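Everything on this sheet refers to the single structure shown next.
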Amino acid sequence: MAIAESRQSKVVVNTSSAGELKAACDTGLKEFLKERGYEEMHTHTDVKLVLGYVGIIFCAIDFAYSWKYPFSQTKWFSYISVSVYAVTSALALVYSYVVQRDTFFVGYNKAKGHIVSAGSRTKRNEPTYRLTLTTRPIRGRQDPPVYNSKPLEMKQPFAAWFHDDGEFARQKFNSDVDAAIDALLAKKAE
């Protein structure tokens with residue numbers, strides 16, 4: 001099911017940078033899931049964009065109002081717009097830390113009738129990729145029955161998926177992720 005490695009671009013990263021290794025694995029997982037028929041959902045990004053736009057719109061209205069009238073008449077609206085901007089920015093930050101957390105991909109597959117979420121993290125000074133996969137049915141869809149699953153956690157050292165020169169071993173990564181996704185879909189909520 002995976003595209004031949006020769007057709008894909010070669011990914012080479014600095015093997016002493018956990019951030020680069022994690023980013024390469026995250027990108028590889030996104031590409032693999034898209035190849036498998038998952039369409040990415042942008043709900044997390046949309047929520048943060050709406051919150052940002054609300055704050056910016058208030059500030060733009062304040063700017064236009066302040067341009068036309070003197071500050072003494074507009075200072076109360078300036079207090080309100082700055083407060084709204086601060087609150088919406090704080091809400092976006094809280095949303096990122098509480099709701100989105102480590103999730104970098106949420107995708108759905110209409111043919112299979114479920115949504116897969118993927119999150120990853122690394123610990124400081126530990127070259128291990130921790131991938132968390134969850135699934136749930138598409139709302140209102142009961143055929144085929146896919147139950148809300150407990151998260152499946154996969155832990156693998158980066159050395160398993162990268163050669164010594166830093167080249168990403170895409171086929172090995174794809175086969176490991178494929179096995180994890182199959183295990184996740186076979187697992188039912190307990």
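Just so you know, these numbers come straight off a predicted model, no measurement behind them.
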Would you mind listing the cluster partners of [X]? Hydrophobic ones only (ILVMFWY), side-chain contacts under 4.5 Å, chaining allowed.
X	result
Val12	none
Tyr97	Leu93
Phe71	none

Determine all donor-acceptor pairs shorter than 3.5 Å in which one atom belongs to a side chain in residues 15-28; sequence neighbours excluded.
from, atom 1, to, atom 2, distance (Å)
Ser16, OG, Asn14, OD1, 2.7
Ser17, OG, Glu20, N, 3.3
Glu20, OE1, Asn14, N, 2.9
Lys22, NZ, Asp26, OD2, 2.9
Lys22, NZ, Ser120, OG, 3.2
Asp26, OD1, Ser120, OG, 2.8
Asp26, OD1, Tyr129, OH, 2.6
Asp26, OD2, Ser120, OG, 3.3
Thr27, OG1, Ala23, O, 2.9

Asp182 and Lys112: CA distance, side-chain angles, deciding distance, salt bridge (Lys or Arg N to Asp or Glu O under 4.0 Å) verdict: CA-CA 12 Å; Asp182 290 342; Lys112 294 181 180 179; over 6 Å; no
CD on Glu167 to NZ on Lys10, rounded to 0.5 Å: 4.5 Å
Residue pair Leu131 / Leu29, side-chain heavy-atom distance below 4.5 Å: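 With C-beta onward as the side chain, the pair touches.
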Ile115 vs Tyr38 side-chain heavy atoms within contact, under 4.5 Å: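 They are not in side-chain contact.
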Stepwise side-chain contact (heavy atoms from CB on, under 4.5 Å) check, Gln73 with Ser66: CA-CA 8 Å; Gln73 290 179 329; Ser66 297; over 6 Å; no
By salt bridge (Lys or Arg N to Asp or Glu O under 4.0 Å) - contacts of Lys75 (at least two apart): none
Can you give the donor-acceptor pairs under 3.5 Å from side chains of residues 154-162 to other protein atoms, not counting sequence neighbours?
from, atom 1, to, atom 2, distance (Å)
Gln156, NE2, Asp176, OD2, 3.4
Trp161, NE1, Asp176, OD2, 2.8

Using the side-chain hydrogen bond (donor to acceptor under 3.5 Å, both in side chains) criterion, which residues pair with [X]? Sequence neighbours excluded.
X	value
Tyr108	Glu39
Lys34	Glu40
Arg130	Glu126

Residues in side-chain contact (heavy atoms from CB on, under 4.5 Å) contact with Phe63, at least two apart in sequence or another chain: Trp67
Extract all donor-acceptor atom pairs below 3.5 Å that involve side chains of residues 42-59 and protein atoms in other chains or at least two apart in sequence.
from, atom 1, to, atom 2, distance (Å)
His44, ND1, Tyr95, OH, 2.9
Lys48, NZ, Gln100, OE1, 2.8

Shortest non-hydrogen contact between Asn109 and Arg36, atoms and distance: ND2-O, 3.6 Å
N/O donor-acceptor pair under 3.5 Å between Arg101 side chain and Gly119 backbone: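 Absent.
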Audit row: Phe32, Ile181, side-chain contact (heavy atoms from CB on, under 4.5 Å) steps and yes/no: CA-CA 11 Å; Phe32 175 71; Ile181 290 173; 4.2 Å; yes
ring-ring contact (aromatic ring centres under 6.0 Å, His included) partners for Phe77, two or more places apart: none
